[in-house]
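Worksheet: one structure, shown below.
Counting convention: from 1, in listed order, for ligands and their atoms alike.
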Amino acid sequence: MTLNSDWDVIIIGAGASGIMCATTAGYRGKSVLVLDHAPKAAAKIRISGGGKCNFTNLTVTPNHYLCQNPHFVKSALARYQPQDFIDLVDRHGLAYEERDLGKLFCAERASDLIQILRTEADWAGVEFLINTPIESVSYTHTTYQIKTPQQTFNGKSLVIATGALSFPKLKATGLGYDIAEQFGLKIIQKSPGLVPLIFEGRWADFCQNLTGIALEVAISIQNQRFQEALLFTHQGMSGPAILQTSNYWQKGMPLSINLLPRLDLPDEFKMLKKTNGSLTKFLNQYWPKKLTQAWLNLHPFDNLANQSDEAIEAYAQLIANWQVYPSDKAGYDKAEVTLGGVNTDEVSSKTFEAFKQPGLYFIGEVLDVTGHLGGYNFQWAWASGFACGQSL
Ligand code: FDA
């Protein structure tokens, strides 16, 4: 099939931000072509949220994002809010459900959501060319040339919506960063985010022995506090609390984990002492027995009745402020997102156009913007795609 060669807008990346941008620009009367090298569009939407896609969150604020310039996200997030996306899926009758902490998921399948996005793109007259590798990008005479094996396309504007490095098996690549560098834009150092943490030595043994056990914890790190589930794994720790923490953790930092965040432990332990209660039985009320046993092997404590109040306080602290040292993060193959990316100082927060390169735009995860776990990353994709699409 031969397509027109000349387009108002060419978007590289048929993921969340690319489709939203394409539709918005299409509805504004622009001719839009979306190119993607993957065999299907929106692969990450399809597999996200265990196949149900946590597509937004009811509590989005700029504080839910990491970015070297924390003000950068404000404009786009204000102009396209979670309710705007909810209105969109409501118009199509999508069934969805609210889970803990304001997370919204498809009730059935993420593919229902993709169908909605594709339908909107069709209505907006957007053309997709999938399964098409990008051979080169160049800029001459105020037009971008995008060379593919089939054809070379010319775009008055070029939007880079290629996402980031996480999950290479879904065809994630660093093309967006390469294009940014080709046009002289700076990249903030990248690393895996929302990713399990790996332990070595005795910590690794402790975790491995408890593989599959999950419990609610609270982890405080760099002025953030995450009270969610922790999951022990063969390699260390995962689960929402750890994935959130991984966005802030750097090599060498300890983690401070409260293993019983809903309890006032010193009070509970003093009460237990008075009633001559058993620590094992007490812990077993809240933890799987295997965890209690492993914990008491690691940190034995004699009968509470024989302990001073100071010793009891100190032991309560051990549980409420358990210090462990991860050795590393897992890699991009396990990471939901990529920290870092195109430096947002190089890009307008209103239009997403590069200051030094007219007609070149960057949206979504390729930018140095990373959301917390819970639908915040898709909300950024929708919001940045919408804001950019409105400016094209
Ligand atoms: P996205 O990755 O969606 O799209 C980029 C597109 O560019 C892809 O279609 C890709 O094929 C294409 N591309 C890349 N390189 C190319 C090249 N060289 N040539 C041509 N095309 C190229 N977030 C959330 O809010 N809720 C959730 O439930 C989840 N769950 C989740 C699970 C897993 C396993 C992962 C890996 C990620 C999530 N996320 C998430 C994160 C979320 O998927 C992510 O932040 C958004 O998809 C980013 O949207 P973008 O449009 O920026 O990139």
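- Taking a 4.0 Å cut-off on heavy atoms, G375 registers as neighbouring ligand 1.
- Checked against a 3.5 angstrom limit, the closest N/O atoms of T173 and ligand 1 fall inside it.
- In the hydrophobic clustering, Y27 connects to W123, either directly or through intervening members, whenever side-chain heavy atoms lie under 4.5 Å apart.
- The protein heavy atom nearest to atom 2 (O) of ligand 1 is K44 CD, 3.4 Å.
- Within the 4.5 Å cutoff, the side chain of L255 has heavy atoms near those of the L197 side chain.
- Taking every non-hydrogen atom of Y376 and a distance limit under 4.0 Å, the qualifying atoms of ligand 1 come out as 25 (O).
- Ranking the protein heavy atoms by distance from atom 30 (N) of ligand 1 puts S48 CB, 3.2 Å first.
- Comparing A110, A161, G13 by heavy-atom distance to atom 5 (C) of ligand 1, the nearest is A161.
- Looking at Y332, W380, F378, F105 and measuring to atom 46 (C) of ligand 1, the nearest heavy atom belongs to F378.
- The closest protein non-hydrogen atom to atom 48 (C) of ligand 1 is E365 OE1, 3.5 Å.
- Counting protein heavy atoms only, atom 9 (O) of ligand 1 is closest to D36 OD2, 2.5 Å.
- In this structure, A43 does not count as a contact residue of ligand 1, since none of its heavy atoms falls inside 4.0 Å of the ligand.
- Interface of G364 with ligand 1, defined as ligand atoms under 4.0 Å from a residue heavy atom, comprises 52 (O).
- Under 4.0 Å is where a charged nitrogen must lie from a carboxylate oxygen, and between E336 and K44 no such pair does.
- Between K171 and D36, no side-chain nitrogen of the basic residue sits less than 4.0 Å from a carboxylate oxygen of the acidic one, so the salt-bridge criterion is not met.
- Considering only non-hydrogen protein atoms, atom 19 (N) of ligand 1 sits nearest to H37 CG, 3.5 Å.
- T24 and Q390 are not linked by any side-chain donor-acceptor pair at a separation below 3.5 angstrom, with hydrogens and angles left out of the test.
- Listed by number with element, the atoms of ligand 1 under 4.0 angstrom from any heavy atom of I134 are 19 (N), 20 (C).
- Proximity to G49 (heavy-atom distance under 4.0 Å) selects the following atoms of ligand 1: 28 (O), 30 (N).
- Considering CG of L158 and CD of E353, their distance stands at 11.0 Å, rounded to 0.5 Å.
- Taking every non-hydrogen atom of N377 and a distance limit under 4.0 Å, the qualifying atoms of ligand 1 come out as 23 (N), 25 (O), 45 (O).
- Of all atoms in ligand 1, numbered sequentially from 1 with element shown, those under 4.0 Å from a heavy atom of A16 are 3 (O), 49 (O), 51 (O).
- Note on ring orientation: taking the six-membered ring where Trp is involved, the planes of H372 and F226 are perpendicular (angle over 60°, cut-offs 30° and 60°).
- For atom 35 (C) of ligand 1, the choice among R46, H372, E336 with the nearest heavy atom turns out to be E336.
- Geometrically, R118 engages F128 in a cation-pi contact, judged by NZ or CZ lying under 6.0 Å from the ring centre and within 45° of the ring axis.
- The proximity of L175 to ligand 1, defined as any non-hydrogen pair under 4.0 Å, is limited to the side chain.
- Less than 4.0 angstrom separates some heavy atom of T162 from each of these atoms of ligand 1: 5 (C), 7 (O), 14 (C).
- Here the protein heavy atom with the shortest distance to atom 34 (C) of ligand 1 is I47 CD1, 3.3 Å.
- Note: H64 and Y376 have parallel aromatic rings, judged against thresholds of 30 and 60 degrees for the angle between ring planes.
- Looking at atom 26 (N) of ligand 1, its nearest protein heavy atom turns out to be N54 O, 2.9 Å.
- Distance alone, capped at 3.5 Å, is enough to place a donor-acceptor pair between the T132 side chain and the I130 backbone.
- Checking E120 against H92 by side-chain atom types alone, a donor-acceptor pair falls below 3.5 Å.
- In this structure, Y80 and F386 have tilted ring planes: the angle between them lies in the 30° to 60° band.
- A distance of 9.5 Å separates CD1 of I12 from CZ of F362, quoted to the nearest 0.5 Å.
- Just one of F269, Y315, F282 meets the ring pair (Phe, Tyr, Trp, His ring centres under 6.0 Å) condition when paired with F301; it is Y315.
- Atom 51 (O) of ligand 1 has as its closest protein heavy atom S17 OG, 2.7 Å.
- In summary, the atoms of ligand 1 found under 4.0 Å from a heavy atom of K171, numbered by their order in the structure, are 11 (O), 14 (C), 15 (N).
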